[in-house]
A.B. asks: 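Before we start, here is the structure in question, set down as structure tokens.
It should be emphasised that the depicted structure is a prediction, and the values quoted were computed from it without experimental measurement.
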Amino acid sequence: MGAGDTPFGTLAATGTRTVVSGGPRSPRIRVSNNGAAGASWVAFGQPVFGAAGLSVYALRLYVELAAYGSTSFTLASGYTANNATQQWKIELAGSGAGAQAGQIRIRTGANVQLGSSGNDVIPLNQVTRFELTATASEIRAYVFAGESVSPLASAAGTPPAGMTLIDTCRFGPTTTSPLVADFYLDDLAVSDSAELIGPVVAAGWVPSLWTGAAETALTVAGRWDGAVLVPLN
């Protein structure tokens, strides 16, 4: 995938999604949801979840917001009936919520709120990692700063019977209102376990090189000459 490509086969028929350079692990997806231009979600569908769907799973996405919507908008949502019936959605409160703008809200497809993050919100102009875990008895959402393992915000709720069963997960706005400033998505992932997927780069990870016999840590202390690491003088 490179800059200018159109990502994903399951996506809204309207709106704009473009692969662009930038972010910690360039490239990433720029999502444009310009009102009348349409909803701009991308999705993992039945090829990932299976035709029967899953009721136990975890999701991860990295997101960078430039501004909140004027009212709440959907960051992620789960569907069944082959992407036709909304089961749940994760909303971010809009600027009209004042100090709670950017609050995480877990809602059913019928718009019943199950939980929120209170005064803990998603920050602007910062790459954050959003994760969700779901079982038949609990759905939880978390936001972390980049690769951190300490959440900035979290929300949890008890789903009605059958609510967590999905065969599609959408990332991004699902409606044309409110107007949402362009934002960025990266490193979308799904798991069939209700354990947090975690950061792309784990804390304490050190890049290494396979020498043909063993892994050798890469540092600024040397260069690889094809056989050994030569110290830099």
A.B. asks: Listing request: all salt bridge (Lys or Arg N to Asp or Glu O under 4.0 Å) pairs with a residue in residues 72-100, at least two apart in sequence or in separate chains.
C.D. replies: Lys89-Glu91, Glu91-Arg107
A.B. asks: Between Thr135 and Ser137, does a side-chain hydrogen bond (donor to acceptor under 3.5 Å, both in side chains) hold up when you go through it step by step?
C.D. replies: CA-CA 5 Å; Thr135 67; Ser137 60; 3.3 Å; yes
A.B. asks: May I have all residue pairs that pass salt bridge (Lys or Arg N to Asp or Glu O under 4.0 Å) and include part of residues 73-87, sequence neighbours excluded?
C.D. replies: none
A.B. asks: At what distance, to the nearest 0.5 angstrom, does CD1 of Ile104 lie from OG of Ser116?
C.D. replies: 9.0 Å
A.B. asks: Got a sec, which residues hit salt bridge (charged side-chain N to carboxylate O under 4.0 Å, His left out) with Arg140, two or more places apart in sequence or on another chain?
C.D. replies: Glu138
A.B. asks: Mind checking whether Tyr57 and Trp88 have parallel, tilted or perpendicular rings, split at 30° and 60°?
C.D. replies: parallel
A.B. asks: How far does OG1 of Thr133 sit from CD1 of Ile197, to the nearest 0.5 angstrom?
C.D. replies: 10.0 Å
A.B. asks: Quick check: do Tyr184 and Val20 have side-chain heavy atoms less than 4.5 Å from each other?
C.D. replies: yes
A.B. asks: Taking C-beta and beyond as the side chain, do Leu75 and Phe130 meet within less than 4.5 Å on heavy atoms?
C.D. replies: yes
A.B. asks: Indicate the atoms forming the closest heavy-atom contact of Ala97 with Ala101, along with that distance.
C.D. replies: CB-N, 3.9 Å
A.B. asks: Hey, any chance Ile166 and Leu114 share a hydrophobic cluster, counting ILVMFWY side chains that come within less than 4.5 Å of each other, even indirectly?
C.D. replies: yes
A.B. asks: Listing request: all salt bridge (Lys or Arg N to Asp or Glu O under 4.0 Å) pairs with a residue in residues 61-88, at least two apart in sequence or in separate chains.
C.D. replies: Arg28-Glu64
A.B. asks: Hydrophobic clustering (ILVMFWY, side-chain heavy atoms < 4.5 Å, transitive) - are Val180 and Leu124 grouped together?
C.D. replies: yes
A.B. asks: Between Leu132 and Ile139, does the side-chain contact (heavy atoms from CB on, under 4.5 Å) criterion hold? Intermediate values first, please.
C.D. replies: CA-CA 7 Å; Leu132 177 141; Ile139 184 167; 4.0 Å; yes
A.B. asks: Taking side chain as C-beta onward, heavy atoms only, is Leu92 less than 4.5 Å from Thr74?
C.D. replies: no
A.B. asks: Taking all non-hydrogen atoms of both residues into account, name the closest pair between Ile106 and Gly157 and its distance.
C.D. replies: CD1-N, 4.2 Å
A.B. asks: Please give the remaining members of the hydrophobic cluster of Leu196, linking ILVMFWY side chains under 4.5 Å, ordered by chain and number.
C.D. replies: Tyr142, Phe144
A.B. asks: One thing to verify: whether Glu195 and Arg60 come together as a salt bridge, which I'm taking to mean a side-chain N less than 4.0 angstrom from a carboxylate O.
C.D. replies: no
A.B. asks: So how far is it from Arg30 CZ to Thr18 OG1, rounded to the nearest 0.5 Å?
C.D. replies: 5.0 Å
A.B. asks: Walk me through whether Gln100 and Asn119 qualify under side-chain hydrogen bond (donor to acceptor under 3.5 Å, both in side chains).
C.D. replies: CA-CA 5 Å; Gln100 292 183 335; Asn119 290 323; 3.1 Å; yes
A.B. asks: Which pair of heavy atoms, one from Ala136 and one from Pro159, lies closest together, and at what distance?
C.D. replies: O-CG, 3.5 Å
A.B. asks: Should Val56 and Val190 be counted in the same cluster of Ile, Leu, Val, Met, Phe, Trp and Tyr side chains packed under 4.5 Å apart?
C.D. replies: no
A.B. asks: Using side-chain contact (heavy atoms from CB on, under 4.5 Å), reason through Ser32 and Arg17 one step at a time and then give a plain yes or no.
C.D. replies: CA-CA 6 Å; Ser32 302; Arg17 300 139 301 251; over 6 Å; no
A.B. asks: Keeping the roles fixed (side chain from Ser117, backbone from Val121), state whether a donor-acceptor pair exists under 3.5 Å.
C.D. replies: no
A.B. asks: Looking at every non-hydrogen atom in both residues, tell me the closest pair between Pro173 and Phe183 and how far apart they are.
C.D. replies: CD-CZ, 3.7 Å
A.B. asks: Test of understanding: clusters of I, L, V, M, F, W, Y form through side-chain heavy atoms closer than 4.5 Å, transitively. Do Leu65 and Leu185 belong to the same one?
C.D. replies: yes
A.B. asks: Which heavy atom in Ala93 sits nearest to a heavy atom in Ser72, and how many Å separate them?
C.D. replies: CA-CB, 4.0 Å
A.B. asks: Do you know which two heavy atoms are closest between Leu59 and Cys169, and how far apart they sit?
C.D. replies: CD1-SG, 3.3 Å
A.B. asks: Do Arg25 and Val200 come within less than 4.5 Å of each other through their side chains, counting heavy atoms only?
C.D. replies: yes
A.B. asks: Please report the interatomic distance CG(Asp186) to CZ(Arg129), rounded to the nearest 0.5 Å.
C.D. replies: 13.0 Å
A.B. asks: For residues 149-171, pull every pair meeting salt bridge (Lys or Arg N to Asp or Glu O under 4.0 Å), keeping only residues two or more places apart or in separate chains.
C.D. replies: none
A.B. asks: Under a single-linkage definition using a 4.5 Å side-chain heavy-atom cutoff for Ile, Leu, Val, Met, Phe, Trp and Tyr, are Val143 and Phe171 assigned to the same hydrophobic cluster?
C.D. replies: yes
A.B. asks: Checking side-chain contact (heavy atoms from CB on, under 4.5 Å) for the pair Tyr62/Thr128: CA distance, chi angles, key distance, verdict?
C.D. replies: CA-CA 6 Å; Tyr62 286 74; Thr128 56; over 6 Å; no
A.B. asks: Any donor-acceptor pair under 3.5 Å linking the side chain of Gln46 with the backbone of Thr168?
C.D. replies: no
A.B. asks: Within a strict 4.5 Å, meaning less than it, do heavy atoms of the Pro178 and Ser70 side chains meet?
C.D. replies: yes
A.B. asks: May I have the step-by-step check of side-chain contact (heavy atoms from CB on, under 4.5 Å) for Val31 and Trp41, ending in yes or no?
C.D. replies: CA-CA 8 Å; Val31 179; Trp41 53 267; over 6 Å; no
A.B. asks: Taking the side chain as everything from C-beta on, heavy atoms only, tell me whether Ile90 gets closer than 4.5 Å to Arg105.
C.D. replies: no
A.B. asks: Quick check for you: to the nearest 0.5 Å, what is the distance between Leu152 atom CG and Ile122 atom CD1?
C.D. replies: 9.0 Å
